[in-house]
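Order of the sequence lines sets the chain letters (A, B, ...), proteins ahead of strands, with each chain counted from 1. Quick note: numbers below take in every heavy atom, side chains included, and nothing from hydrogens, waters or symmetry partners.
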Amino acid sequence: MADKVKVALPDGSKKEHAVGTSVEQILREFDPSLAKTALVASLNGRTVDLSEKVGEDSEVRFFSFDSEQGREAFWHSTSHVMAQAVRDLFPGVKLAIGPSIEEGFYYDFDTEDPFEPDDLERIEKRMREIIKQDFAFRREEVSKSEAEEIFRQGGESYKLEILSELEGDTAVLYRHDDFVDLCRGPHVPTTGVIKSFKLLSVAGAYWRGSERNPMLQRIYGVSFPKREELDQYLKRLEEMKRRDHRVLGKELELFSISDEVGPGLVLWHPKGAMIRKVIEDYWLEEHLKHDYQLIYTPHVARLHLWERSGHTGFYQENMFSTMKVEGEEYQLKPMNCPFHILIYKSKLRSYRDLPLKLAELGACYRYERSGVLLGLSRVRGFTMDDAHIFCKPEQLEEEVIKLLDFSLSMLRTLGFDDYQIFLSTRPEKSIGEEQNWDTAQEALRQALESQNLEFEVDKGGGAFYGPKIDLKIKDVMGRPQQCTTIQFDFNIPERFDLTFVDSDGNFHRPIMIHRALLGSLERFFGVLIEHFAGAFPLWLSPVQIRIMPITDEQNPYSAGVERRLKEEGFRVELDDRNEKINYKIREAEKEKIPYMFIVGKKEVQDKNLSVRRHKKGDLGRFDTDEVIDKLKEEVKKKAPEPVSF
RNA sequence: GCCGAUGUAGCUCAACGGUAGAGCAACUGAUUUGUAAUCAGUAGGUUGGAGGUUCGAUUCCUCUCAUCGGCUCCA
């Protein structure tokens, strides 16, 4: 056996090291400054501790906190420190799991008494002590039976359960101080590298996410190598709170959800309703341009329809209970598709009719469990911007391409040009011919590839009735938001025996695509509010302009301006209250009204306007016609940013 | 649905088991004001709801409804 190995370094160079040299030693030699920030490394693609020793020719990489691997190890290590702190302070708790997550980490504990928010401070204090002592994280490979012994003694039943499901004969333990955990690793070198952290919240969580299992207590936290990074993170949380659509929705009088109406049912107030109407108008205009036909359908239908569509079978738990009318059961609709299908079926369809595209802003009602409702994001009554496309198999790819293009252009106009795309394929439990699935999945993939769109494949993530493409937009805070969905359906055309007459004179089954571009108007509105922090672009603003006379001497002139602007199609208000101009401005700014026209003596005399823009301040005095032209242009362009004056 | 927290005036928040208070908003009056809060006065509450403990409950207990943070699912 050779006593030297070749190590390929990140800069492409190669170096010989003795077998058993630690990654850390290699790193120190390679780049002493990187050695200060590196947390973990990889050997031939396998992420490892810095203390790992090389045993064969390897390609080595180093990861600091700025990489995914580095962050994961960092957060995961913090969760171990937290687990020790909890174990020290609350003897008798059992440890479940404590992974890193997208932003931070959590650890699940089984404890008789749930943690209280005050406990977090105590735990933090103990964590600081553990960190200060700078314990090394030590990796240890033991036989399964050895590990079993350790956890049996500790009464760690969850660890034993995980252990029993591990493949192979060995288990990996990580120790620091007197704390031991079953863990794949890797970890950062010592507890001391965790310079700043914060425990954020306590929450209940089921063991392995299933409600049949015991409820555990989960503590969430986040940590960083530098104090400033934690501060920045906390600032971001503040910013998210400031943008919260539930808060802004109340402040700006956009919508409310009333106890008396019921949970998850939205009241659109005049200002929210105006924004919705502008979006709807734009939506309809675009759909007509894209060869869709507008339809309207009822909110309820005989239960029979839902039996035929299959919803009473596979969707029952999400539906409101039925109601009885004249001895007949009726069902509030959770979806629009059966109605659209009946319109398709209302006459004999020829291949010349295809693709047939029926679109509707359809109000749907779904039973959502009380614990999951959330502002506008998760409701029980919502409006889907729904459409169904009936087409021939060979039209599929082209239709999907058109859909993607349509969706992206509409979202761009509404202010979103950052997104992620997911292609979800056949799940285990599914219906339909395998060949149909393959063709359909291939069509979706081809469509995405031909448009040079990057996408991730969610294997087995499709609906049981067909594959789908989902599009998540990223809002201004970088949070992904479920939005467009394009789903094939092999089930429902079958159930309703949909046909068309092809050029060969025979009946064939059309393919049906369900699609929603915005998703639901309610959820989309919530995303929109947070994206713009309530300061909507001019074309969407419920009140576009407020005219503010300085004294009541200017009221008549201001009223004339108001009339003129209304005639020009602007949504405008006149603030002729007996208040100081500063006060009027303050209120208009707080209401995030895009334009304020201030009218004093000078403006009346010169028959012009002083223009103030929300957040920007005074823009100066301008000729009225010029201002109107500029603003019209801004509206017409649906400009996300104000035009320049 | 489950675990935990919360629920007081339109909003934001106070009030040791002893008849509930402030700021903002609203209303009235004065003030006629030049780019983010003029001054004064008035009114506003079955303390989410129902029960219980107590001489007495916003405060303690039980149930219930809703909201928030999560678990799961999705538009």
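Look at CD on A/Glu603: it is 11 Å from C1' on B/U35, rounded to the nearest Å. Atoms CD (A/Glu260) and C1' (B/U67) sit 15 Å apart, rounded to a whole Å. The NZ atom of A/Lys580 sits 14 Å away from the C1' atom of B/A30 (whole-angstrom rounding). The separation between A/Arg577 atom CZ and B/U38 atom P is 11 Å, rounded to whole Å. Whole-Å rounding puts the A/Lys615 NZ to B/A36 P distance at 15 Å. Going from atom CZ of A/Phe115 over to atom P of B/C3 covers 17 Å, rounded to whole Å. A straight line from CG of A/Leu216 to C1' of B/G4 spans 13 Å, rounded to a whole angstrom. When the C1' atom of B/A36 is taken as reference, atom CG of A/Asp575 falls 14 Å away, rounded to whole Å.
Residue contacts shown for A/Asp618 include a base, since a base heavy atom lies under 4.0 Å away. Using a 4.0 Å heavy-atom distance criterion, A/Ser610 is classed as a base contact.
Within residues 584-600 of chain A, the residues that have a heavy atom under 4.0 Å from RNA chain B are, in order of number, A/Ile585, A/Arg586, A/Glu589, A/Ile598, A/Gly600.
Aromatic ring centres of A/His287 and A/Phe406 lie closer together than 6.0 Å. In this structure, A/His76 has its ring center no closer than 6.0 Å to that of A/Tyr107.
In this structure A/Phe90 satisfies the ring pair (Phe, Tyr, Trp, His ring centres under 6.0 Å) test together with A/Phe115, sequence neighbours excluded. Partners of A/Phe532 according to the ring pair (Phe, Tyr, Trp, His ring centres under 6.0 Å) rule, which considers only residues two or more places apart in sequence or in another chain, do not exist here. A/Ala301 meets the side chain to side chain contact (heavy atoms under 4.5 Å, CB included) test with A/Leu305, A/Trp306, A/Phe339; sequence neighbours excluded. Here A/Phe382 pairs with nothing under the ring pair (Phe, Tyr, Trp, His ring centres under 6.0 Å) rule; sequence neighbours left out.
Within the structure, ring-ring contact (aromatic ring centres under 6.0 Å, His included) pairs that include any residue of residues 574-622 of chain A comprise A/Phe622-A/Phe645 (at least two apart or interchain). Residue pairs meeting the salt bridge (charged side-chain N to carboxylate O under 4.0 Å, His left out) criterion with at least one member in residues 599-610 of chain A, sequence neighbours excluded: A/Asp606-A/Arg621. Residues in residues 253-269 of chain A take part in no salt bridge (charged side-chain N to carboxylate O under 4.0 Å, His left out) pair, two or more places apart or across chains. The salt bridge (charged side-chain N to carboxylate O under 4.0 Å, His left out) contacts involving residues 363-379 of chain A comprise A/Glu211-A/Arg369, A/Glu368-A/Arg378, where partners must be two or more places apart or lie in separate chains.
Between A/Asn582 and B/A37, a side-chain N or O to OP1/OP2 separation shorter than 4.0 Å is present.
Taking a pair as Watson-Crick or G-U with both hydrogen-bonding distances under 3.5 Å, the stems of three or more pairs touching RNA chain B are B:1-7 with B:65-71, B:10-13 with B:21-24, B:26-30 with B:38-42, B:48-52 with B:60-64.
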Name each donor-acceptor pair under 3.5 Å that joins a side chain in residues 413-420 of chain A to protein atoms two or more places apart or in another chain, with its distance.
residue, atom, partner, partner atom, Å
A/Thr413, OG1, A/Tyr282, OH, 3.1
A/Thr413, OG1, A/Ser409, O, 2.9

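The P atoms of B/G18 and B/C61 are separated by 16 Å, rounded to the nearest whole Å. Here the separation of B/C63 from B/G69, taken at their C1' atoms, is 24 Å to the nearest Å.
For A/Tyr367, counting side-chain heavy atoms from C-beta on, the closest listed nucleotide (B/G1, B/U67, B/A37) is B/G1.
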| Reading 5' to 3' through nucleotides 68-75 of chain B, protein heavy-atom contacts under 4.0 Å coded B for base, S for sugar-phosphate only, - for none | SBBBBBBB

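Atom CD of A/Glu317 is surrounded by 12 or fewer heavy atoms from other residues, nucleotides or ligands within 6.0 Å.
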